[in-house]
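Hydrogens, waters and symmetry mates are skipped; everything else that's a heavy atom, side chains included, is used.
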Amino acid sequence: MPPKIKDLVDELEKAGFVNRGGKGSHRNFSHSRTQKPVTISGKLGDDAKHYQIRAVRLAFEESKK
């Protein structure tokens, strides 16, 4: 079962990413060590898509460098 959007948002915030806001159901998270923001779309209770999970994982790896 895929994680919920809320789980991805919580993980990003715990890792030091800052929610810069967005339009509608989109949220843009940035971190001082990453070049691109991570965009997560959808309602908090929706299942996360595979590309959203991958984008969060790649952002975590980039922020650890």
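Comment: K14 does not engage D10 in a salt bridge, judged by the lack of any side-chain N to carboxylate O separation of less than 4.0 angstrom.
Checked against side chain to side chain donor-acceptor pair (under 3.5 Å), K36 has no partners two or more places apart in sequence or in another chain. A search for salt bridge (charged side-chain N to carboxylate O under 4.0 Å, His left out) contacts involving K49 returns nothing, not counting sequence neighbours. Every residue two or more places apart in sequence or in another chain was checked for a side chain to side chain donor-acceptor pair (under 3.5 Å) with S30, and none qualifies. With sequence neighbours excluded, no residue satisfies salt bridge (charged side-chain N to carboxylate O under 4.0 Å, His left out) with D46. Residues meeting the salt bridge (charged side-chain N to carboxylate O under 4.0 Å, His left out) test with K4, sequence neighbours left out: D47.
For the residue pair R20 and P37, the shortest heavy atom distance occurs at NH2-CG, 3.9 Å. Heavy-atom minimum distance, A48 versus P2: O-CB, 3.8 Å. Counting all heavy atoms, side chain and backbone alike, G42 lies closest to I5 at O-CG2, 4.2 Å. Between G22 and N28 the shortest heavy-atom distance is CA-ND2, 4.0 Å.
You'll find the side chain of L8 reaches within 4.5 Å of the side chain of Q52, heavy atoms only. Contact check for F29 versus T39: no side-chain heavy atoms found under the 4.5 Å cut-off.
The OG1 atom of T34 sits 5.0 Å away from atom CZ of F17, with the distance rounded to the nearest 0.5 Å.
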Side chains of residues 55-65: which donor-acceptor pairs under 3.5 Å do they make with residues two or more places apart or in other chains?
| unit_1 | atom_1 | unit_2 | atom_2 | d |
| --- | --- | --- | --- | --- |
| E62 | OE2 | Q35 | N | 3.1 |
| S63 | OG | A59 | O | 3.4 |
| S63 | OG | F60 | O | 2.9 |

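Taken together through direct or relayed side-chain contacts under 4.5 Å among Ile, Leu, Val, Met, Phe, Trp and Tyr, V38 and V18 form parts of separate hydrophobic clusters.
The side chain to side chain contact (heavy atoms under 4.5 Å, CB included) test with V9 is passed by exactly one of K6, E11, E13: E13.
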Stepwise, does the side-chain contact (heavy atoms from CB on, under 4.5 Å) test hold for L12 with N19?
-> CA-CA 9 Å; L12 285 167; N19 186 353; over 6 Å; no
Could you please spell out the steps behind the side-chain contact (heavy atoms from CB on, under 4.5 Å) verdict for H26 and I40?
-> CA-CA 6 Å; H26 289 71; I40 304 292; over 6 Å; no
